[in-house]
Amino acid sequence: MFRWYFYCFSRYLTFKGRASRAEYWSFTLINIVILFCLALFGGDIDAVLTSGDSIKTLVNPLAGQPELVSAISIINAAYSLLVICPVISVTIRRLHDREHTGWWIWAQCIPILNVVLLIFLLLGSQRGPNQYGLRAPTSPSDIVPEGYMSPYGYFQAEDPSQQPYNNSNIYQRQPEQSYYRQPAPVQTNNYQNVGEGSVMDEMMKSNEKNADVQAGIDQGKAQTPAQPASKSSTHRPMGAEESSMVDYLKRLSGKK
């Protein structure tokens, strides 16, 4: 609670953004307690006796020390002036959190409307981004990235990591936040890209040896038998009729 109190003082004149219900009421309740104690010790609280007389309530030990009472009254007045700006700024940010304009703050001066304003301040945060910000900070150390609302939705205006712009390190959406599936890696049949000793490497070497054996090259060094030709192959031995036809054509052409 006290962290929110000092956080509101650090945003003394910040009227933009959003403030959560915890931030607003932590700051407000602590201010109420401090102002009440200062008023009590300074004798600034009015009371009416049963006889109808109006008196200033004062703590009994300070009744005989008017100088100390006067000093506390001055502190009370100074603190009241000090917290005016933080109270206004955190109230406006709390209204922004409910997506209400900050001009609603003047409703506290109008009867009935001040009750409506109190209801706004008691309600929880609006879900999702609105025209005043992405969200309210969840803790005093939480940094909410700034952005803007467009007809197409809320857009982030700056890198949340607050890193300087660098061409070699452009901010990109993380894979788990991506709305599109990453493309699959492209596979290639290039023999040079195949790892040494891989399954594809062994298969290609085996095919080369089989081709050498079928062509009659390096048959002595071949370690694997030649694969039989498939039925769809165009190479087959000639039959007897085909051989006689070839001999006949050679005789006709004058070749014996």
Side-chain angles (χ1 to χ4, degrees), residues 1-126 130 132-133 135-144 146:
M1 180 178 288
F2 284 97
R3 292 180 60 193
W4 283 121
Y5 176 78
F6 294 110
Y7 174 78
C8 292
F9 269 106
S10 66
R11 306 191 68 185
Y12 196 86
L13 295 174
T14 303
F15 301 97
K16 295 181 179 180
R18 300 167 60 173
S20 63
R21 180 169 52 183
E23 176 184 349
Y24 174 80
W25 286 107
S26 296
F27 184 72
T28 301
L29 293 177
I30 291 176
N31 276 331
I32 291 174
V33 172
I34 292 175
L35 290 173
F36 177 79
C37 293
L38 290 174
L40 182 62
F41 284 95
D44 296 329
I45 299 178
D46 295 331
V48 179
L49 299 177
T50 55
S51 60
D53 297 333
S54 177
I55 62 171
K56 297 273 187 183
T57 58
L58 182 67
V59 178
N60 289 331
L62 300 178
Q65 301 178 3
E67 295 84 3
L68 183 58
V69 173
S70 299
I72 294 176
S73 299
I74 294 174
I75 294 174
N76 185 13
Y79 182 80
S80 300
L81 293 175
L82 180 66
V83 298
I84 288 178
C85 285
V87 167
I88 295 175
S89 63
V90 73
T91 305
I92 292 176
R93 295 198 306 272
R94 180 80 262 271
L95 291 170
H96 289 173
D97 192 38
R98 294 294 308 169
E99 204 171 6
H100 299 298
T101 178
W103 293 107
W104 266 98
I105 194 172
W106 296 106
Q108 60 186 342
C109 304
I110 304 174
I112 300 177
L113 286 181
N114 55 3
V115 179
V116 177
L117 176 63
L118 179 61
I119 294 174
F120 288 163
L121 299 176
L122 288 172
L123 293 176
S125 300
Q126 184 187 35
N130 58 28
Y132 299 105
R135 56 178 173 79
T138 57
S139 65
S141 59
D142 184 19
I143 300 176
V144 180
E146 295 181 359

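What you see is a predicted model, and the numbers here were worked out from it, not measured in a lab. Positions are given from 1, in the same order as the sequence printed here.
Heavy atoms only, all atoms of each residue included: L35 and S80 are closest at CD2-OG, 3.5 Å. Taking each heavy atom of R18 and E23 in turn, the nearest pair found is O-OE1, 4.4 Å. Smallest separation of non-hydrogen atoms from R21 and G124: NH1-N, 3.6 Å. The two residues I30 and M1 have their closest heavy-atom pair at CD1-CG, 3.6 Å. What you find for A107 and L117 is that their closest heavy atoms are CB-CB, 4.2 Å. Among all heavy-atom pairs drawn from D97 and S125, the shortest one is OD2-OG, 2.6 Å.
Note: Y5 OH to T28 OG1 = 11.0 Å, rounded to the nearest 0.5 Å. I72 contributes atom CD1, which lies 9.5 Å from atom CG of N76 (distance to the nearest 0.5 angstrom). Taken to the nearest 0.5 Å, the CG atom of L38 stands 8.0 Å off from the OH atom of Y79. Rounded to the nearest 0.5 Å, atoms CG (N31) and OG (S26) are 11.0 Å apart. The OH atom of Y24 sits 11.5 Å away from the CZ atom of R93 when rounded to the nearest 0.5 Å. I88 CD1 to L13 CG: the interatomic distance, rounded to the nearest 0.5 Å, is 10.0 Å.
The shortest side-chain heavy-atom distance between V90 and W4 does not fall under the 4.5 Å cut-off. Taking 4.5 Å as the limit, every side-chain heavy atom of Y132 sits out of range of all side-chain heavy atoms of K16. Residues L113 and W104 have side chains in contact (heavy-atom distance under 4.5 Å, counting atoms from C-beta outward). No side-chain heavy atom of L121 sits under 4.5 Å from any side-chain heavy atom of Q108.
At least one donor-acceptor pair under 3.5 Å links the side chain of S73 to the backbone N or O of G42. Under a 3.5 Å cut-off, the side chain of R94 and the backbone N or O of W25 do not form any donor-acceptor pair. S10 places a side-chain N or O within 3.5 Å of a backbone atom of Y7 that can act as its donor or acceptor partner. Side-chain N or O atoms of N130 include none that pairs as donor or acceptor with a backbone N or O of R98 at under 3.5 Å.
The aromatic rings of F120 and H100 lie parallel to each other, their planes meeting at an angle below 30°, with 60° marking the opposite boundary.
Aromatic pair F9/F27: ring centres closer than 6.0 Å. For F2 and F6, the ring centers are positioned 6.0 Å apart or more.
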Are L68 and F41 close enough, and set up right, to give a side-chain contact (heavy atoms from CB on, under 4.5 Å), and what steps lead you there? CA-CA 9 Å; L68 183 58; F41 284 95; over 6 Å; no
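Counted within 6.0 Å of CG on L81, heavy atoms from surrounding residues, nucleotides or ligands total more than 12; the atom is thus considered enclosed.
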